[in-house]
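Proteins come first, then strands; the chains are lettered A, B, ... in the order of their sequence lines, and each starts at number 1.
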Amino acid sequence: MIVLTIGITCIVLTGIGIYGLLRRTHMIRMVLCFNILEAAALLGLVLIAYRPDARSPILRAATDVHVLPLPHALALTAIVIGASLTALMLTLIVRVHRSHGTVLVDKLKDWRG
Amino acid sequence: MSGITAAVLQTVNTPHIESGAIFVSQAILLFGLLALVFVALHTRRSALWWVGAIVHIGAGALLPYTADMVSFFMIWELITVGAAIVLVCEPDAHGLLRRYLPWQLLAAALLLSGFALHFAESGSVALPAAGVTAGRILIGIAVAIKAALMPLHLWMVGTYARVRPGTAVVLSAVATKIGVFGVYRLLPGSISLEILGGIMATVAVLYALRQNRLRPFLAFHIISQVGYMIAGVGSAAAAAQIAGLYHLGNHIVYKGLLFMVVALMVPMTGTPNIYSTRGMGRRSFVLTVAAIAGALSISGVPPFNGYISKSLLQYSLVSPVAIHLLTIAGIGTALSFTKFLWHGFLRPGPLPQAHDVGEGLIARTGTRTITVALSLLCLLMGLYPRSFFAELPDSAGITQQSFESGLVWPVVGAALFFILYGPILRVLLVTLPGSTTVMNLLRSAGTRGLQLMQRQHTGDIRRYLGWAVGGTMLLWTWVLLAP
Amino acid sequence: MSRISAAVLVSGIIVFGVIIAFELAVAPRTADPLNHAPLTLRDTGAVNAVSAILFDYRALDTLGEATVILMTATVVAFLTPRAKASMLAVRLSSIVLYGVVLLLPFITILGIAVMAHGHVSPGGGFTGGVIVATSTVFYAVVYSVGGQQSYVIAPAANKLIENTAMTAFIGVGLLGLGLAGSFLANAQTGIPLGTPGELLSAGTIPMLNLISGVKVGVGLGIIVMSLFLE
Amino acid sequence: MNSLLTELPVLLIVIPLAGVPLLYFTTRSGRGTALPALAVILVVVTLLSFSIRDAMHAPVVTAAGGWQPDLGIGLQFDLLAVAAMLVTSLIVAQAILSHDETSGAQHFRTLLMLLYAGSNGLMLTQDLFNAYVFIEITSIASYALVASRQDKGGFESAFKYVVMGSFAGLLVLWGIAGLYLTTGTLDMQSLAPRFDAAQGAVPALSAAAIIAGLLIKLGQVPFHAWKADSLSGASYTVSALLSGVTTTAFFVLLLRVLSALPSLTLSLAPVLTTIASLSIITGHLMALRQPRYSRLLAYSSVAHIGYGLLAVSSGAVTAIAAGLFHILVHAIMKSSLFFLGRSFLHTGNRSDRLEAIVFPEQYRKLHVTLYVLLAMSMIGIPPVLGFTSKWYAVLETARAGYHTGAVLIALGGAVALVYYLRVGIQLVHPGLPELSSPGPASRRLPVPLAGTALILLLAVFSDRLLAFCVQAVVQLLEAV
């Protein structure tokens, strides 16, 4: 049941994220959409690690069933990278706002063709 | 193996030695050197121009000896590079390069594709490369561009009409001849090539008749003569191939002669228009003799060299259609050159004022000597053809009978000029589509297409993201549905 | 992107998502994914398997990750030359002002504790680093009111700490190279792994935990400060 | 020494990374010098050249941290990596020499070291997730480099680049997660059998997502549109890096991924061929009407990477080698063309619109010669290296059975001529009005001298270079 719920959430989040990326003109909303997409991917990773009735991979007693630790490690790395990307995008938005005077992505049309 | 260095080394060690190749190479080399001497005497050129011209002619003379695709292609490109260097030195370099290079590179690309398909089938880089049908067609188009076959001739007329006269002499020595040699070397003989050559010879003559400027006029005659050569070397009959090659040699000589005459004429009369030039006959005896010799050669009048190759072609071609077409072309050529001689040299009337059109020279003795030498060469190649090209049959030569048969059609052509020329010209002007209109149509269609494509790239990153999402989904769909 | 084409694309994505979910539900899983958990204790001596993977099995990834933070911090600081801070126009109440000062040591200590216990309990360098970063951010937010800038650590010192931490990370790696012949090696170096569960156990993992904690703390601090000082 | 050899792949990544604090600590104040960065490159190249012989013998496989690839991260140092890294090192070194602006020089060099480390990692790694980390390192460095000009156009370019790049990164992340879920491994070496054994469509879909992400990074149709936009605002040095280093690294990674999944590559071949063909057509046609130097070159890159992809997707060893060879040659010549663009700035004009660009007075003839040689190489006219690589690409693609593709590659050169001619005519245009403010006069020789000399000299050895590439591809395919 929990797998199903998280799976559906994952798919729905991806859909929302992609739709937002394609439709929203505000740059910060685009960044938020990226964060949503990333959250979906992280949920997916956590779902991969999931085992029924398992505990977190803190190996107090070696006999316990643990969830897979590797996806968690990957997720941690992905979070850090995602946060860095978000920071970079926000910085760029600040600078674009200063130079173009807008935060709407459809106004960024100096380069085209 | 398609190793480039290895293949080039192999060609250096074992070149392709065969009488046809030797003849073409020597013809190009000989005439090329004469052309260089002519230019040297005629006018001053920059050092870069000389480098280009020497590369152009040298590569042209080298090409017939290549034994494999790598060397053939590289030297083929080297000819273009040489020509490009020459054109860079011209006053209107930009326009010339724009006209000349794209076509040459297109030819090279098609040749490369054809070679590639051949290589794919045979696994070897040896020439001749005429295996696959598709490859054969590609190679055919490539050599057709180089030989300025009729719908693909625009580069040549555009270039030869705009360069300085001396440059035209040098360029005319190599470019189209290489195309003809390409037909000879790379394509198998067939009736369709004969007919194609015949059609080209005829149609080009019709276009030449229409011209009123000297150099486009000569350029269209080159195309027409190339038609003869293609009919010859493209034939399956060995005799026709030899005749075609000999025509190539002849053509190099008399066409160069005519270009030189024009190069000397224009500054003297001050106009490139055929109808306005006149009185050359009274101004320069030497040039008049040279012009007459060139005109008689190209019209195939015995005992000049054009007759030999043209009559041989008439006997040896397989397709009767091609033979008839060539006869019509011969009449047209005679008609056309009667016009040239009449307006430029023989017509009575007041002499125009001589003035400088940019070359800054008056013909010097040296240049005239060369025209005389070439006129003599035309005559000698007609009188003693077998000492120039040993492969020719014993029957080749001037006899009593040949005077009778060879004079018929040229005389008909000359007579037509005086009787019917006006009506013929009027019909031609109305019916033939101009090449510029076709070109403009193509160009505007192309531009419209490119604009459409460009307008899709709106600069909106969300649209690009949409393409990426769509592309990914297409990839996924394929993965799902693929077996 | 028009609404219709966006809708088509998104529904396509959802269809694929459903297909994937269905496939995963139906298809029998042939290969069980690689599981580090049963090996961790023996190999690394760390109780926290995630930490063991991050700082031992896949320490190269973590080096890369630390690089990403370093790089982002550098870039963000470079692209946002310090302008005047103009966050809030009002003066904050004394509760906030003194509360932050009171809280600050505790937050920092908590962060350091999380870093230090990364190999024995949930948490680790990254989590701890984020906690430390919040403390500096708190301080800067509260004391930057009114236009003057306040730092816990000066920007130049931040950079120094970042680069030193980077050097230290590579240094630990080189230690492994020197002692065991492989970069970022842990157990093979001969450093005692200790008793699992103890603070001083698991070889180089705690060191790397601390180093990356410092890096994350300082790096995130730089990033956030640069962005809000805009 | 032996242990150093087995650790070589890690060192090749770590040495440039260590360059970052090295640059920081050796800088007293302000701009610093280029020496530490150059030293790093020198060390890497020395290591590379000393180990070519070992790589010839057999690929050097390293288990990072001493953990066998399935548990930990595997890195592989083979001829493919040697070839690509020699090329990228050359370009990075040229970029360091090329960047003569005082402001932000230190920042630029730091990013350059990070880009270098990231691209080296991309070309060496055998682990999918590790590849993802390096993809992000390389990409973030690229985004930052694009923005480092700090002007209006630069930020617009950088933002577009970040958006597309992040999307690509997410696709790769999804793909990696899916592959790990279904095959249970992240190691490319052990992927193939498990991939074939796994049931259902998920493994193939995941791998396709990774490939799509890499195609975005490489800029192939229909993922290409960001490329020109994000190069437009970058400085020429940065554009040279992006089209030289980043592209090469991603191409090598794509090669590794494709060769790790032979069955998928086989079934995807028609799609990849279509994508490559479309890229060739679109790239060349779009370049025809571009008003700016950098955009024109960017679209031409789309087409040239298409050549490589086309040759690679045919699956034959010699064709893959020819594609690799062309990509490497393209990296050298395209980056040289971009470096050449820096000379426009010496005439005092900042715009790169084709009407405005012109070569400066100093070394004018040299500049023109360089441009002509490079353009000949891009078009594929003998006797330069670009010709031989195109020749091999055409012939080997045809031999592998992709006749249309071979014809497309050959015809591409003819189209390319039209736009390079247009630029060339503009560059030597004599009737230019006097520029109001001549830019910073440079006494230095143009940077792309090295690259151009290389494409001239190496043309003689193209047979041997191709043989080297063939050996590299054989190694790559045997390793799986």
- Which one, D:Ile137, D:Ile140, D:Leu71, leads in non-hydrogen pairs under 4.5 Å with chain C? D:Leu71
- Closest contact, heavy atoms only, C:Asn163 versus D:Pro21: OD1-CA, 3.5 Å
- Query: Under 30°, 30 to 60°, or over 60°: which ring-plane class applies to D:Trp67 and C:Tyr57, parallel, tilted or perpendicular?
  - Reply: tilted
- Check whether C:Ile53 gets within reach of chain D through its side chain, its backbone, both or neither, counting any heavy atom under 4.5 Å. neither
- Under a 4.5 Å cut-off applied to non-hydrogen side-chain atoms, are D:Tyr24 and C:Met166 in contact? no
- Query: Rounded to the nearest 0.5 Å, how far does CZ of D:Phe134 lie from CG of C:Asp61?
  - Reply: 7.5 Å
- Message: If I compare all heavy atoms of C:Leu24 with all of D:Val202, which pair ends up nearest, and what's the gap?
- Response: CD2-CG2, 3.9 Å
- Contact leader toward chain C among D:Ala144, D:Ala18, D:Ala201, where contacts are heavy-atom pairs under 4.5 Å: D:Ala201
- Query: Which bit of D:Leu22 is near chain C, if near means a heavy-atom gap under 4.5 Å: side chain, backbone, both or neither?
  - Reply: neither
- May I ask you to name which of C:Phe16, C:Phe183, C:Phe169 has the most heavy-atom pairs under 4.5 Å with chain D? C:Phe183
- Among the options C:Val68, C:Asp56, C:Thr164, pick out the one with the most heavy-atom pairs lying under 4.5 Å from chain D. C:Asp56
- Task: Please state whether the side chain, the backbone, both or neither of D:Ala141 comes within less than 4.5 Å of a heavy atom of chain C.
- Result: both
- Query: How far does CD1 of C:Ile170 sit from CG of D:Leu17, to the nearest 0.5 angstrom?
  - Reply: 5.5 Å
- Item | N/O donor-acceptor pair under 3.5 Å between C:Glu65 side chain and D:Val133 backbone | no
- Message: At a 4.5 Å cut-off on heavy atoms, which part of D:Tyr143 comes close to chain C: side chain, backbone, both, or neither?
- Response: neither
- Message: Could you tell me if the side chain of D:Val20 sits less than 4.5 Å from the side chain of C:Thr74, heavy atoms only?
- Response: no
- Query: Do you know which of C:Leu60, C:Val75, C:Leu174 has the most heavy-atom pairs under 4.5 Å to chain D?
  - Reply: C:Leu60
- Query: In Å, rounded to the nearest 0.5 Å, how long is the span from NE2 of D:His107 to CZ of C:Phe78?
  - Reply: 4.5 Å
- Message: Are the side chains of D:Phe155 and C:Leu79 in contact, using a 4.5 Å heavy-atom criterion?
- Response: yes
- Where D:Leu114 and C:Met71 come nearest, the two heavy atoms and their spacing: CD1-SD, 3.5 Å
- Which atoms of C:Ile20 come close to chain D, meaning under 4.5 Å heavy atom to heavy atom: side chain ones, backbone ones, both, or neither? both
- Engaged part of D:Val10 at the chain C interface, taking heavy atoms whose separation is under 4.5 Å: side chain
- Item | D:Leu205 versus chain C, the contacting section by heavy-atom distance below 4.5 Å | side chain
- Item | Any side-chain heavy-atom pair of D:Phe25 and C:Thr167 under 4.5 Å | yes
- Message: Would D:Ile13 and C:Leu63 count as a side-chain contact (heavy atoms from CB on, under 4.5 Å) here? Give the steps.
- Response: CA-CA 10 Å; D:Ile13 300 166; C:Leu63 179 59; over 6 Å; no
